Amino acid sequence: MPEDTRAGFIALIGAPNAGKSTLINQLVGTKVSIVTHKVQTTRAIVRGVAMHDKAQLVFVDTPGIFQPKRRLDRAMVDTAWGGARDADVIALLIDARKGIDEEAEKIMERLKDIKTPKVLILNKIDVAKRDKLLALAQKANEIISFDETFMVSALNGDGVQTILEYFSNQVPEGPWLYPEDQPSDLPLRILAAEITREKLFERLHQELPYISTVETEQWQTRKDGSARIEQTIYVERDSQKSIVLGKRGQTIKAISQAAREELSEIIEAPVHLFLFVKVRENWADDPARYREMGLEFPK
């Protein structure tokens, strides 16, 4: 490890679909967090590790903050605020197209009371007009006096290098927290389950509630270097099971193929993926499922 190293945690917070997962993947330079059009897909805290100069930046992709209605929702929102409080810097991400809507306003009101250094990141500048961006930045800074304001496109990477340079000077001096070639602290079994869940939602985001989940039951590395992975997709009702399977199993076959191809790229080895679908009623009330996702079970 070189001398004069720095390391620290940066929490990305914001409303669902602000673009946190897309941005964290850009910052890290590889996929560590799933991205779908369906809101509230990030459930647990995902840490992506980026190296910049002599600094190791640990970005925390928190669940989107929204008005919780169910137990799982409460667990996700509590986890997001916990991730923010534990960070060295908080980055609030706002969708520049939506502006400061009711969700963003509530987040900012609560952010006021947290003493941690804060920066504002306006995302989706590729589809927002410049005068709107400037007005939005001014309005946000009237609510909270941010240390810095950045404008980025998480989708195409515009502005990402500027953010990396800023954070590399903001995190405290100290040794690196992870090996420098490790892009995430997410175990491969969990990342594999998240990849399959992403493909599930991409395929069925209209028909399937986001309450569905995926668990990696087995992972065997074979002598030829390939991986044999067994996963179970859990749904809450029989009708949802039929949706996931599809006519003559075509839907689950397509989900499996998409997940297998991406997993193979990530582990740089052939993947043999076997998916099963099971009904687990009221799994969102089971504390064991929360531990599996790295969430505290709310009372």
Side-chain angles (χ1 to χ4, degrees), residues 1-14 18-35 42 44-65 79-94 96 107 111 114-125 137 140-141 144-188 190-191 194 266 268 294:
M1 191 182 296
E3 294 178 0
D4 308 323
T5 56
R6 292 174 173 269
F9 291 86
I10 299 109
L12 292 175
I13 70 166
K20 295 182 301 300
S21 296
T22 305
L23 180 60
I24 202 170
N25 290 340
Q26 281 280 9
L27 290 163
V28 174
T30 189
K31 185 159 188 168
V32 294
S33 192
I34 70 170
V35 180
T42 298
I45 278 192
V46 177
R47 295 180 186 89
V49 184
M51 304 301 300
H52 191 79
D53 294 334
K54 292 183 180 180
Q56 186 177 72
L57 309 173
V58 185
F59 290 98
V60 183
D61 180 14
T62 62
I65 295 172
T79 298
W81 283 114
R85 282 189 292 270
D86 294 341
D88 296 296
V89 184
I90 296 171
L92 172 64
L93 197 65
I94 290 181
I107 294 169
L111 262 184
I114 299 176
K115 304 300 181 196
T116 309
K118 294 177 274 287
V119 302
L120 173 67
I121 301 176
L122 299 181
N123 186 29
K124 305 183 184 177
I125 60 168
N141 276 276
I144 296 176
S145 183
F146 290 99
D147 296 325
E148 281 289 340
T149 298
F150 298 97
M151 300 187 185
V152 305
S153 168
L155 196 61
N156 63 30
D158 282 356
V160 166
Q161 282 304 309
T162 309
I163 294 176
L164 288 171
E165 284 163 20
Y166 176 81
F167 286 134
S168 65
N169 291 312
Q170 296 304 308
V171 293
E173 291 181 6
W176 293 338
L177 304 164
Y178 297 93
E180 72 178 289
D181 59 349
Q182 181 179 324
S184 175
D185 73 338
L186 206 63
L188 270 178
I190 296 178
L191 180 60
E194 288 289 274
I266 289 170
E268 297 179 341

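Here the structure is a predicted model, which is why all the values come from computation and not from measurement. Quick note: residue numbers are just sequence positions, from 1.
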[X]: which residues meet the side-chain hydrogen bond (donor to acceptor under 3.5 Å, both in side chains) condition with it, sequence neighbours left out?
X: S168; answer: none
X: N156; answer: S153
X: N141; answer: T149
X: T162; answer: none

Got a sec, which residues hit ring pair (Phe, Tyr, Trp, His ring centres under 6.0 Å) with Y166, two or more places apart in sequence or on another chain?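 Y166 satisfies ring pair (Phe, Tyr, Trp, His ring centres under 6.0 Å) with F150 only.
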
As an exercise, state the distance from [atom1] of [X] to [atom2] of [Y], rounded to the nearest 0.5 Å.
X: K54; Y: D4; atom1: NZ; atom2: CG; result: 4.5 Å
X: I107; Y: I90; atom1: CD1; atom2: CD1; result: 11.5 Å
X: D53; Y: T5; atom1: CG; atom2: OG1; result: 12.5 Å
X: Q26; Y: F59; atom1: CD; atom2: CZ; result: 12.0 Å
X: K124; Y: D158; atom1: NZ; atom2: CG; result: 15.0 Å
X: L27; Y: I163; atom1: CG; atom2: CD1; result: 6.0 Å

List in chain and number order the residues that pass salt bridge (Lys or Arg N to Asp or Glu O under 4.0 Å) with K118, two or more places apart in sequence or in another chain; answer none if no residue qualifies.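 Salt bridge (Lys or Arg N to Asp or Glu O under 4.0 Å) check on K118 returns nothing, list empty.
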
Please list, chain by chain and in numerical order, all residues satisfying salt bridge (Lys or Arg N to Asp or Glu O under 4.0 Å) with E173, sequence neighbours excluded.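 Once residues adjacent in sequence are excluded, the partners of E173 under the salt bridge (Lys or Arg N to Asp or Glu O under 4.0 Å) criterion are R6.
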
[X] and [Y]: which non-hydrogen atoms are nearest, and at how many Å?
X: A137; Y: M151; answer: CB-CE, 4.1 Å
X: I10; Y: A91; answer: CG2-CB, 4.3 Å
X: P172; Y: G8; answer: CD-CA, 4.3 Å

Are any non-hydrogen side-chain atoms of V49 and Q56 less than 4.5 angstrom apart?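 Yes, side chains in contact.
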
Counting heavy atoms not belonging to L155, are there more than 12 under 6.0 Å from its CG?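 Check fails, neighbour count at 12 or below.
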
With sequence neighbours excluded, tell me which residues meet side-chain contact (heavy atoms from CB on, under 4.5 Å) with [X].
X: P179; value: D181, Q182
X: A154; value: T22, L23, N123
X: A140; value: I100, M108, L120, F146

Out of the candidates D88, L57, T116, only one should pair with F9 under the side-chain contact (heavy atoms from CB on, under 4.5 Å) rule; please name it.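 Of the listed residues D88, L57, T116, the side-chain contact (heavy atoms from CB on, under 4.5 Å) partner of F9 is D88.
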
Main-chain N/O of V119 paired to D147 side chain as donor or acceptor, under 3.5 Å: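 Between the backbone of V119 and the side chain of D147 there is no qualifying donor-acceptor contact (under 3.5 Å).
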
